[in-house]
J.: 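Dropping a structure here in structure tokens format, bear with me for questions.
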Amino acid sequence: MTVAEEVVVPMTTPEDDTNTLRALQALESSSSSVRLQAVLAAGTTPDPRFVDKLVERCAIEPDFYVRDMLTWALTRHSSSMTVPKLIEELRSERAQARSQALHTLSKIGDRQAWPAITRALLTDTDDEVARSAWRAAVVLVPEGEEPELAGVLATQLGRGERETQLSLSRALIALGKVITPPLDAAMTNRDPRVRQHAIATERLLRNPEAGFEFAIEEAKRVAVLGTAGQEG
């Protein structure tokens, strides 16, 4: 049972109803600090009436700190209510709705959401959505399905800039040694970016303390020398 499922929602009073209405209205404020306080209140005193509005706000909230608090507030509510709503958001045309829903699902950790983490999301053209999908997938993947997930993630090697590549490497490494076969295959890819990213990820798998920048630089050297399978 998750923390969210253990939350007990108390009986409401007219004063509670008034406070709930005020909090819901405050979520629409033009002030980010007011919105932040409203979300904090919604998470501090969970109420099923908050869920729809909190999920809706995730899709459009411009402030990073408020978005982070929205995720926290949703984890404070029952997952039986939040997870279905968040899964619906994964089909949204709005990239922020998809990425924020994925991020929140990863924090809730309810594996019933796993079937919704599709290949389309794992390969989403929006980097932030894809990165959120990678993190969520690593958290939610059922035992035994890690090799298949590793194969899909490996198709994204070489994608994007440093931040995106680091996110993918971290996701792959979190899956453990099941990533070795797809990494080995990627090290012989015709695309130099794919080869370098695969080599760097393999180096980090063997030596997590090395650091991504060092691993990338070493990967470039190894790719040139053609010694991907040898010790540096």
Side-chain angles (χ1 to χ4, degrees), residues 1-3 71 75 79 83 86-87 90 98-99 101-124 127-223 226-232:
M1 179 175 290
T2 65
V3 173
T71 287
T75 66
S79 61
V83 170
L86 291 166
I87 288 175
L90 299 183
R98 300 196 302 278
S99 65
L102 286 160
H103 175 64
T104 306
L105 286 168
S106 74
K107 295 301 182 182
I108 293 172
D110 188 333
R111 287 188 168 176
Q112 293 185 61
W114 167 249
I117 312 300
T118 62
R119 188 186 186 98
L121 288 169
L122 293 169
T123 61
D124 198 287
D127 284 347
E128 191 57 42
V129 174
R131 291 170 57 200
S132 297
W134 302 336
R135 290 191 293 266
V138 168
V139 170
L140 301 174
V141 62
E143 185 176 354
E145 295 194 34
E146 295 92 346
E148 183 177 354
L149 174 59
V152 176
L153 294 184
T155 68
Q156 303 301 291
L157 286 164
R159 169 179 175 165
E161 301 304 320
R162 179 192 179 281
E163 191 174 10
T164 298
Q165 292 195 2
L166 178 56
S167 290
L168 181 59
S169 292
R170 284 173 172 167
L172 283 164
I173 290 167
L175 294 175
K177 292 192 178 298
V178 299
I179 69 172
T180 300
L183 280 185
D184 286 346
M187 286 183 202
T188 61
N189 194 286
R190 296 176 62 183
D191 186 333
R193 284 176 59 86
V194 173
R195 291 199 306 273
Q196 289 170 16
H197 193 185
I199 294 167
T201 303
E202 191 271 341
R203 291 296 189 266
L204 283 176
L205 177 64
R206 285 197 283 115
N207 183 14
E209 303 301 319
F212 189 67
E213 293 297 343
F214 175 82
I216 282 290
E217 289 306 313
E218 184 184 7
K220 290 177 181 177
R221 178 179 61 80
V222 169
T227 55
Q230 301 177 16
E231 290 290 340

J.: In Å and rounded to the nearest 0.5 Å, what is the CD1 to CZ distance from I173 to R206?
T.: 11.5 Å
J.: Find out whether T155 and L122 are in side-chain contact, i.e. whether some heavy atom of one side chain is under 4.5 Å from a heavy atom of the other.
T.: no
J.: Please report the shortest heavy-atom distance between P147 and V178, naming the atom on each side.
T.: CG-CG1, 4.1 Å
J.: Under 3.5 Å, is there a donor-acceptor pair between the W114 and E145 side chains?
T.: yes
J.: How far does CG of L102 sit from CG of L105, to the nearest 0.5 angstrom?
T.: 6.5 Å
J.: Where is the tightest heavy-atom contact between A113 and I87, given as atom of each residue plus distance?
T.: CA-CD1, 4.0 Å
J.: How far does CZ of R170 sit from CZ of R131, to the nearest 0.5 angstrom?
T.: 9.0 Å
J.: For residues R195 and R190, report the shortest heavy-atom separation together with the two atoms involved.
T.: NH1-O, 3.1 Å
J.: Is R135 salt-bridged to E128, cutoff N-O under 4.0 Å?
T.: yes
J.: To the nearest 0.5 angstrom, please state how far the CG atom of L172 sits from the NE2 atom of H197.
T.: 7.0 Å
J.: Between E146 and G144, is there a donor-acceptor pair closer than 3.5 Å when you use the side chain of the first and the backbone of the second?
T.: yes
J.: Give the intermediate values and the outcome of side chain to side chain contact (heavy atoms under 4.5 Å, CB included) for residues L157 and L183.
T.: CA-CA 9 Å; L157 286 164; L183 280 185; 4.0 Å; yes
J.: Write down the atom of A171, the atom of V138, and the distance for their closest heavy-atom approach.
T.: O-CG2, 3.4 Å
J.: Do you know the tightest heavy-atom contact between D110 and S79?
T.: OD2-OG, 3.6 Å
J.: In Å and rounded to the nearest 0.5 Å, what is the CD1 to CZ distance from I117 to R111?
T.: 12.5 Å
J.: CD/Q156 to CG/L153 distance, rounded to the nearest 0.5 angstrom?
T.: 8.0 Å
J.: Which heavy atom of R119 sits nearest to which heavy atom of V152, and what is that distance?
T.: NH1-CG2, 3.4 Å
J.: Would the number of heavy atoms belonging to other residues, nucleotides or ligands and lying under 6.0 Å from CZ of R159 be above 12?
T.: yes
